[in-house]
Amino acid sequence: MGVPKDRFQKFRGELQNQMKTCQLSAYALARLTGLDPTFVKKLVAGERNPSRKTVLLMAKEFRDYTSLISDSDVARLIKASGFPPPRNV
């Protein structure tokens with residue numbers, strides 16, 4: 001049967017790339033988004049999965065945090081999650 005594939009593997013990789021670009025730790029990203037630090041740490045580690053709301057919140061905060069993150073970076077993060085993008089993007 002094997003281990004189930006991580007549906008959010010691409011999202012986690014993109015999330016880690018954007019965190020690195022912004023020089024944000026999981027704790028700093030949690031503070032920025034208002035999410036629980038333990039949840040964000042486990043999300044990055046693959047121990048938790050994001051909701052669509054969480055993905056869109058993180059995307060918005062990355063875009064607003066620095067000009068180093070472009071709209072295409074944000075779109076790539078959302079696409080990697082497998083969730084549909086918001087209508088207003």
S.K.: Which heavy atom of Pro85 sits nearest a heavy atom of Ile78, and at what distance?
M.R.: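 Answer, listing the atom of Pro85 first, then Ile78: CA-CG2, 3.8 Å.
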S.K.: Would you name the heavy atoms of Ala26 and Val40 that are closest together and state the gap between them?
M.R.: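 Scanning both residues completely, I find the closest heavy atoms to be O-CG1, 3.4 Å.
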S.K.: Using a strict cut-off of less than 4.0 Å between a Lys/Arg side-chain nitrogen and an Asp/Glu carboxylate oxygen, indicate whether Arg12 and Asp6 qualify as a salt bridge.
M.R.: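 Salt bridge flag = yes for Asp6 with Arg12.
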S.K.: Quick check for you: to the nearest 0.5 Å, what is the distance between Thr54 atom OG1 and Phe11 atom CZ?
M.R.: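 One gets 8.0 Å once the value is rounded to the nearest 0.5 Å.
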S.K.: Find the distance between CG (Leu68) and CD (Gln23) and round it off to the nearest 0.5 Å.
M.R.: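 With rounding to 0.5 Å, CG (Leu68) is 8.5 Å from CD (Gln23).
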S.K.: Measuring from atom OG of Ser81 to atom CD of Glu14, what distance do you get when rounded to the nearest 0.5 angstrom?
M.R.: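 One finds 10.5 Å between OG of Ser81 and CD of Glu14.
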S.K.: Please round to the nearest 0.5 Å and tell me the distance separating atom CE of Met58 and atom CG of Leu56.
M.R.: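 The distance works out to 11.0 Å.
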S.K.: Any side-chain heavy atom of Leu24 within less than 4.5 Å of one from Tyr65?
M.R.: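 Yes - at least one pair of side-chain heavy atoms lies under 4.5 Å apart.
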S.K.: Please report the shortest heavy-atom distance between Ala30 and Pro37, naming the atom on each side.
M.R.: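 Answer, listing the atom of Ala30 first, then Pro37: CB-CA, 3.5 Å.
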S.K.: Can you pull out every salt bridge (charged side-chain N to carboxylate O under 4.0 Å, His left out) where at least one residue sits in residues 40-62? Sequence neighbours excluded, please.
M.R.: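 Pairs touching residues 40-62 that pass the test: Lys60-Asp64.
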S.K.: To the nearest 0.5 Å, how far apart are CG in Leu77 and CG in Asn17?
M.R.: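 Between Leu77 CG and Asn17 CG, I get 10.0 Å after rounding to 0.5 Å.
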S.K.: Roughly how far apart are Leu32 CG and Leu57 CG, rounded to 0.5 Å?
M.R.: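 If I round to the nearest 0.5 Å, the distance is 8.5 Å.
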S.K.: Measure from the side-chain N and O atoms of Gln18 to the backbone N and O of Asp73, and report whether any donor-acceptor pair falls under 3.5 Å.
M.R.: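 Yes: the side chain of Gln18 pairs with the backbone of Asp73.
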S.K.: Can you confirm whether Phe8 sits close enough to Leu15 that some side-chain heavy atom of one is under 4.5 Å from a side-chain heavy atom of the other?
M.R.: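 Contact flag for Phe8/Leu15 side chains = no.
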